[in-house]
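Throughout, protein chains are lettered first and strands after them, A, B, ... in sequence-line order, and every chain is numbered starting at 1.
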Amino acid sequence: MSEAIEGDRTFVDKFPEEARIVRAALLSSFLALVIGAVLGIIQTLHRTDVARIIPSTDYYTVLTAHGVFMVISFTIFFLVGLFTWAVTRSLDRPLIDIRITWTWYAIMAVGMTMTGVSILAGFTDAIDMSADVLFTFYAPLQAHPMFYAGLAVFIVGSWIAGADYFRTWLAWKRENPGERIPLQTFMVLMTMAMWYIASSAVAASVLIFLLPWSLGLIDQVNPTLTRTLFWFFGHPVVYFWLMPAYLLWYTVLPKIAGGRLFSDPLARVVFVLFLLLSTPVGIHHQYLDPGIAEGFKFISMTNTMFLLLPSLLTAFTVVASVEYGARQRGGTGLLGWLTDLPWRKPEFTGMMLAGLMFAAGGFSGMVNAGMNINYMIHNTIWVPGHFHLTVGTAVALTFMAATYWIWPQISNKPIYSRAVGLFQVVLWFIGMALMSNAMHAQGIMGVPRRTAEPEYSGFEYATMFGGYEELNIQIAIGGTLLFVSTILFIGNLVLTMGNPKVSGLAETLPPALSGPDDAPRVLDNLRLWVAIAVTLVVLAYALPLAAIINRGGLLGPGVGTYPVWLAPGLDALANAATPPLAGDAWASLVEVVR
Amino acid sequence: MGRNETAHAPADDVSGDTEEFDPIGTLTLIGIYFTILVLSWVYIYYIEFLGRDLVVVG
Amino acid sequence: MHIHAYEKLWLAASVLLILLLLGSVTYGAVGPGVAMVSDSEQPVDATALDEDERFSEPRVEQVGENEYAAYVVAFQFGFQPDPIVIPEDSTVTFYVTSRDVIHGFEVAGTNANTMVVPGEVSEITVETDEPTEYGLICNEYCGAGHHVMEGKVNVVSQAEYENQTSGGDGE
């Protein structure tokens, strides 16, 4: 076989054009990560009242930027980079037309820049522009039109990226009739199919309602409708962040552990389940919304609970693959094999710690999914506590860890310091363990999320698992460690980029223990799965959406417009307030707002 | 490096050892996880949630 | 398709876990009777709450023997009435709406928690116990002054409640 010779060539040796775009996408992703981390530390220290370097009214600009940069820019740029690598590598052929590839990259970059600028402009009064509407941009709070336009442009770019992967696969299929879709490509195509279904709703919400409304073309929108369309997208986007991490856990982690994937067919089943179940569940973010019948909420919960299945299956398959690696390395005993794993490799330890955090996040996710228990934790800081375990660690830490493995493959440059890398991933784990644990505990006390000053004048929180202040200290220390960890990651990568190119870095990925031949052919029938997925979405959403429109009208019952981006709007907002509330606090707020 | 996960990977890579590997360590770990999940859920739902003030009953 | 026996075992355990979760939530609904905020109330015009019979004058009123209704308006950046005074050992239904943007209505540390959406009325019924004072906070970002939006829910003795309602004009 040509295996040995092929094995000597890295990805960049074989596909220099594709490697360049993978690097560009990853660097865009990490730029967002750095900005997000700076905003993150400002936020952590502000919220916990350790250091308040900005006025509290600017906290929401920071929060909006942190959210959008981290979960749209950081995650999705990494995704397109990784998927470009995965498709090219597993099909062993270049993309159809590299100009198209650069086109979608440019469109996404332009879109994100538009949105980013509209948010960051909120820090200065010199420009009449702001988008302090947070990542969820609930109407009738209204951002500057460029915020919505940028999001739409970004999403269109991601659609073209998806088309790029599908067309490359079709070309491969013509060249390789009758062959099974390689696993990584299968994962990419399933994820992108899910993304098309999910993002269609938020694109419709932005293009039909929010953008025309922000431009003054329509007077008002239906807050429940745009909210529901957001969550139609807002839950599956969680899996859009997670699927690249799953791809790495299934296809790269076993190799690093010295083994191979336990079961290729089950990996395919898991991705099919995600395509089918990720979308018809968004209403579980609206358990406490008025105007939506309890029955719809219950259906959404049932779907959500079954969405646990693919993640629980993944836990088994991935751990079994790692155990196989440990046994190959001489590991013995019921649990003794755990000591025979390559814990000194940052890519391994990082991904394993990410997986461990995801297991913890699985528990708080179950609580979030439970319909009536939502009364206890809805919109408390428990929720960000949860998603900092999932997207903030399972995804983010896996991405960083994988970078230590993949960057040499796409650049022929060895990592500057693998020791610092190991320190960095462990630091992230410790920081997040402190921060997230305290956030969960505060959430049960009723401390709200999304607020600059969670301490109130009229009452104090009850004590639980340590007092409020003590938990604040945990959050502040945890957040600081996370910031330091991010800086170490970026610093290490920048120094890596300065390293000279070397040869001999090539890594191969071994086939699964139970290979694709064990997987029923029907698993590769994309049309069938997409058709079922669309049917489930229609079943889950047709009636709720019809009911919402029927109740409030397409443009809502009488509802005002509250722009966050016009100075006169802020004045009107300030004047609209009535006297009976918090005299001093209000006066000082109006001062600051003006 | 690209083809080795497609169907025509070398036969000796995929056959035979499938049946020999029993991930007993994984089963143990995941059994522990399962126990933790069930106990935590019972605590948080039945004790923490249902034991709080102002339960919404209508 | 080949699936290892252990993995089949885990699959079965996972399904059991899911059934436990769904079963618990169903038990909560049927046993202790936890009900969800729902579409029970008709939409209102958020820009014309002044003309609304229930919300032009946010208030608490007695609607039956030991049953009270609290009509609450959330706005940038506060709640009316403030404080919301309700009697002990009674059944209180909160009707909460917003006259501007989306807010939250969370009685801190309790299960009384709902979204407040302009144009919709959130209806939640709770049973009060002994006299106590709760913090009321907005838990959805609602604008630059979100963090100053707070109120109180005071559960008072029957005597004190009656004293208060007969004393003034009910304000």
Side-chain angles (χ1 to χ4, degrees), chain B, chain C residues 2-14 16-38 40 67 69 86 91-95 105-114 122-130 132-134 136 153 155:
Chain B
M1 80 196 229
R3 304 220 162 209
N4 49 12
E5 74 191 53
T6 59
H8 62 156
D12 56 307
D13 271 356
V14 279
S15 63
D17 49 5
T18 312
E19 293 302 327
E20 290 161 25
F21 174 54
D22 289 325
I24 187 68
T26 302
L27 190 67
T28 311
L29 284 177
I30 216 136
I32 296 169
Y33 179 52
F34 182 81
T35 312
I36 294 173
L37 281 180
V38 170
L39 293 177
S40 314
W41 172 263
V42 168
Y43 166 74
I44 203 148
Y45 194 90
Y46 292 95
I47 298 172
E48 188 59 44
F49 167 59
L50 290 179
R52 286 155 75 98
D53 288 359
L54 304 185
V55 171
V56 177
V57 293
Chain C
H2 174 83
I3 303 177
H4 193 281
Y6 292 173
E7 189 134 23
K8 282 182 186 154
L9 191 62
W10 173 239
L11 188 60
S14 301
L16 272 180
L17 179 69
I18 290 168
L19 293 178
L20 168 73
L21 303 179
L22 289 171
S24 298
V25 172
T26 309
Y27 164 78
V30 177
V34 184
M36 299 311 294
V37 185
S38 184
S40 51
E67 285 179 17
I86 51 179
T91 304
V92 181
T93 302
F94 292 97
Y95 298 89
F105 175 95
E106 175 194 326
V107 184
T110 77
N111 285 339
N113 184 359
T114 180
S122 305
E123 183 218 354
I124 53 173
T125 301
V126 301
E127 278 159 4
T128 62
D129 208 354
E130 289 165 9
T132 182
E133 292 190 1
Y134 296 109
L136 171 62
V153 174
V155 181

Under 3.5 Å donor-acceptor pairs involving side-chain atoms of residues 50-58 of chain B, not counting sequence neighbours:
| unit_1 | atom_1 | unit_2 | atom_2 | d |
| --- | --- | --- | --- | --- |
| B/R52 | NE | C/N111 | OD1 | 3.0 |
| B/R52 | NH1 | A/I444 | O | 2.9 |
| B/R52 | NH2 | C/T110 | O | 3.2 |
| B/D53 | OD2 | C/Y134 | OH | 2.6 |

Measure distances from [X] to the heavy atoms of chain B and classify the residue's part below 4.5 Å as side chain, backbone, both or neither.
{"X": "C/L21", "answer": "both"}
{"X": "C/V107", "answer": "side chain"}
{"X": "C/V25", "answer": "both"}

Is any side-chain heavy atom of C/D129 less than 4.5 Å from a side-chain heavy atom of C/V155?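 No. Closest side-chain heavy atoms not under 4.5 Å.
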With a 4.5 angstrom heavy-atom cut-off, which part of B/Y46 approaches chain C: side chain, backbone, both or neither?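 Side chain only.
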Hey, what do you get for [atom1] ([X]) to [atom2] ([Y]), rounding to the nearest 0.5 Å?
{"X": "C/I3", "Y": "C/L9", "atom1": "CD1", "atom2": "CG", "result": "12.5 Å"}
{"X": "C/H4", "Y": "B/D22", "atom1": "NE2", "atom2": "CG", "result": "4.0 Å"}
{"X": "C/E67", "Y": "C/E127", "atom1": "CD", "atom2": "CD", "result": "9.5 Å"}
{"X": "C/I124", "Y": "C/S38", "atom1": "CD1", "atom2": "OG", "result": "13.0 Å"}

Taking heavy atoms only and a threshold strictly under 4.5 Å, list by residue number the residues of residues 25-32 of chain B that touch chain C; give 'none' if the list is empty.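 B/L27, B/I30, listed by number.
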As an exercise: rank C/T132, C/V34, C/T128 by heavy-atom pairs under 4.5 Å with chain B and give me the winner.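 Result: the option with the highest number of such pairs is C/V34.
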Just give me the residue among C/S14, C/G31, C/S24 that pairs up with chain B most often, heavy atom to heavy atom, under 4.5 Å.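 Answer, by heavy-atom pair count under 4.5 Å with chain B: C/S24.
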Should the pair C/F105 and C/F94 be assigned to parallel (<30°), tilted (30 to 60°) or perpendicular (>60°) ring geometry?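 Tilted, since the angle between the ring planes falls between 30° and 60°.
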Largest heavy-atom contact set with chain C, pairs under 4.5 Å, which of B/I24, B/L37, B/V42: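 Answer, by heavy-atom pair count under 4.5 Å with chain C: B/I24.
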C/A69 versus C/Y95, closest heavy-atom pair with distance: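 What the structure gives for the nearest pair is CB-CE1, 3.9 Å.
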Considering all heavy atoms of both residues, which atom of B/F34 and which atom of C/A13 are nearest to each other, and what is their separation?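 Smallest heavy-atom distance, with atoms named: CE1-O, 3.3 Å.
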